[in-house]
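Presented below is the structure to which this report refers.
Start at 1 and go down the list; that is how both ligands and their atoms are numbered. The first residue in the sequence is number 1, and the count goes up from there. Computed over heavy atoms, backbone and side chain alike; hydrogens, waters and symmetry mates excluded.
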Amino acid sequence: GDISSQLHGGYFHPLARSWQAERQLTKSMLIYPLFITDNDDDMILVPSLPGQHQLGIGRIISFLEPLVHKGLRSVILFGVPMKPGTKDALASAADDPEGPVIRAIRLIRRRFPQLYICADVCLCEYTSHGHCGILRDDGSLNNELSVDRISDVAVAYAKAGAHCVAPSDMNDGRIRAIKLKLIEEGISHKTTLMSYSAKFSGCLYGPFRDAAGSAPSFGDRKCYQLPPGGRGLARRAITRDMAEGADIIMVKPAGQYLDIISDAKDLGKDLPVAAYQVSGEYAMIHAGAKAGVFDLKEMAVESAEAILRAGATIIVSYFTPEFLDWLDN
Ligand SMILES: NCC[C@H](CC(=O)O)[C@@H](CN)CCC(=O)O
Ligand SMILES: [Zn+2]
């Protein structure tokens, strides 16, 4: 055939094949989620999230030491209050200075100063009803009260030493509110604001909710997380959050939303785009490997390659510990 039909010469060799990828996965692209409980000695496996633990403050250092040694660069912290009576309608415990997240931030900052600490900011782990905000009488989110409370929690985590605050609530306008309060506090110059901008409602968060005890006690999150079909809504939310001061745009889930990741890169070509490979994606890959559909490592790598190909350069992944073993850098 004519010469332009000959493509094989560009990828017959493994190195040439690696050159075909715009982005290569490296350890510094990975953020590892940690579940921190309020019982210091906890080290509890989460059955629905293979190999993942709920950790007490007393376990964090010894848990992280080998991972930091293998090149872990960043974690994202989720508080898991287990003590009865902690949760209430206003998520009062979310910014408790003796709560698990703030204690973990301080401890990790002191022991691993080189680790970049992200703090997830939401109310669902601290509200009695399990929703990502403060409710009106009719059970819908009170956006104004929720945004005010979430921005206070974000500032508390930043003041405690989090390098990055990441609001996963999906209330309207929380990015602007957080940015303004960080500026008022004089810490906006040393706090990254990573927005879960395009976060979709769906069936892929079950194992996380087991791990975080954060399932809504009634209803669902369909009135604040985006509808899976809402590509336009996602583009509008991404554009809005960039205008409100987000430093990083995140898409979540990842594997079923690769087009949204590429939209985020298209809209936010001047910002880093993150993607969160959520608990359901992670558990599904484990289940597929266990069922013999594919090799675990091959699928974990292929799913990460797809997320990078779509345009992400940051991946929140429960596979992070494995990738630290699998990657050279
Ligand atoms: N703030 C909401 C938590 C949210 C899932 C949910 O809707 O419960 C995610 C955490 N940011 C779940 C992440 C995961 O499933 O891994
Ligand atoms: Zn939430």
- Item | Residues Arg174 and Asp241 bridged, charged N to O under 4.0 Å | yes
- Task: Using the ring of Tyr205 (Phe, Tyr or Trp, six-membered ring only), decide whether Lys252 places NZ or CZ under 6.0 Å from its centre and within 45 degrees of its axis.
- Result: yes
- Query: Arg221 heavy atoms, cut-off 4.0 Å: which ligand 1 atoms fall inside?
  - Reply: 6 (C), 7 (O), 8 (O)
- Which is it for Ser168 and ligand 1 at heavy atoms under 4.0 Å: side chain, backbone, both or neither? both
- Near Phe78, which atoms of ligand 1 are under 4.0 Å from a heavy atom of that residue? 10 (C), 11 (N)
- Message: I'd like to know if Asp38 pairs up with Arg103 as an ion pair, taking the criterion as any Lys NZ or Arg NE/NH1/NH2 lying under 4.0 Å from an Asp or Glu carboxylate oxygen.
- Response: no
- Note on the structure: Among non-hydrogen protein atoms, atom 15 (O) of ligand 1 lies closest to Ser279 OG, 2.7 Å
- Proximal atoms of ligand 1 relative to Asp120 (non-hydrogen, under 4.0 Å): 11 (N)
- Query: For the rings on His286 and Phe319, is their centre-to-centre separation under 6.0 Å?
  - Reply: yes
- Show which atoms of ligand 1 fall inside a sub-4.0 Å distance from at least one heavy-atom site of Tyr196. 11 (N)
- Message: Looking at Lys181 and Asp152, is there a salt bridge between them, counting it only when a charged N and a carboxylate O are closer than 4.0 Å?
- Response: yes
- For atom 5 (C) of ligand 1, the closest protein heavy atom turns out to be Tyr205 CG, 3.5 Å
- Task: Could you tell me how the ring of Phe323 sits relative to the ring of Trp326: parallel (under 30°), tilted (30 to 60°) or perpendicular (over 60°)?
- Result: perpendicular
- Note on the structure: Exactly one of Glu281, Glu298, Gln277 clears side chain to side chain donor-acceptor pair (under 3.5 Å) with Ser303, and that residue is Gln277
- Using a strict cut-off of less than 4.0 Å between a Lys/Arg side-chain nitrogen and an Asp/Glu carboxylate oxygen, indicate whether Lys199 and Asp169 qualify as a salt bridge. no
- Message: If we set the cut-off at 4.0 Å for heavy atoms, which region of Asp169 has an atom near ligand 1: side chain, backbone, both, or neither?
- Response: neither
- Message: Is the shortest side-chain heavy-atom distance between Pro207 and Gln52 below 4.5 Å?
- Response: no
- Of all the non-hydrogen atoms in the protein, which one sits nearest to atom 16 (O) of ligand 1, and at what distance? Tyr318 OH, 2.5 Å
- Task: Report the nearest protein non-hydrogen atom to atom 4 (C) of ligand 1: residue, atom name, distance rounded to 0.1 Å.
- Result: Lys199 NZ, 3.0 Å
- Task: Of the side chain and backbone of Tyr282, name the one, both, or neither that has a heavy atom under 4.0 Å from an atom of ligand 1.
- Result: neither
- Which atoms of ligand 1 sit under 4.0 Å from any heavy atom of Gln225? 6 (C), 7 (O)
- Within-4.5 Å side-chain heavy-atom neighbours: Val165 and Leu193: yes
- Under 4.0 Å to a heavy atom of Cys124 - the qualifying atoms of ligand 1, by number: 1 (N), 2 (C)
- Give the residue and atom name of whichever protein heavy atom lies nearest to atom 10 (C) of ligand 1, and the separation in Å to one decimal. Lys252 NZ, 2.6 Å
- Item | In the protein, N/O/S atoms that are found under 2.8 Å from the Zn ion (ligand 2), waters not counted | Cys122 SG, Cys124 SG, Cys132 SG
- Message: Closer than 4.0 Å to some heavy atom of Cys122 - which atoms of ligand 1 meet that?
- Response: 1 (N)
- Message: Using side chain to side chain contact (heavy atoms under 4.5 Å, CB included), reason through Tyr282 and Phe208 one step at a time and then give a plain yes or no.
- Response: CA-CA 10 Å; Tyr282 170 81; Phe208 174 93; over 6 Å; no
- Message: Under a 3.5 Å cutoff, is there a donor and acceptor pairing between the side chains of Asp247 and Thr192?
- Response: no
- Under 4.5 Å between side-chain heavy atoms, hopping through other hydrophobics if needed: is there a path connecting Ile60 to Tyr116? no
- Distance from atom 8 (O) of ligand 1 to nearest protein heavy atom, with residue and atom: Arg209 NE, 2.8 Å
- Does Ile31 reach the side chain of Tyr276, with side-chain heavy atoms less than 4.5 Å apart? no
- Task: Go through ligand 1 atom by atom and flag the ones less than 4.0 Å from a non-hydrogen atom of Tyr276.
- Result: 13 (C), 16 (O)
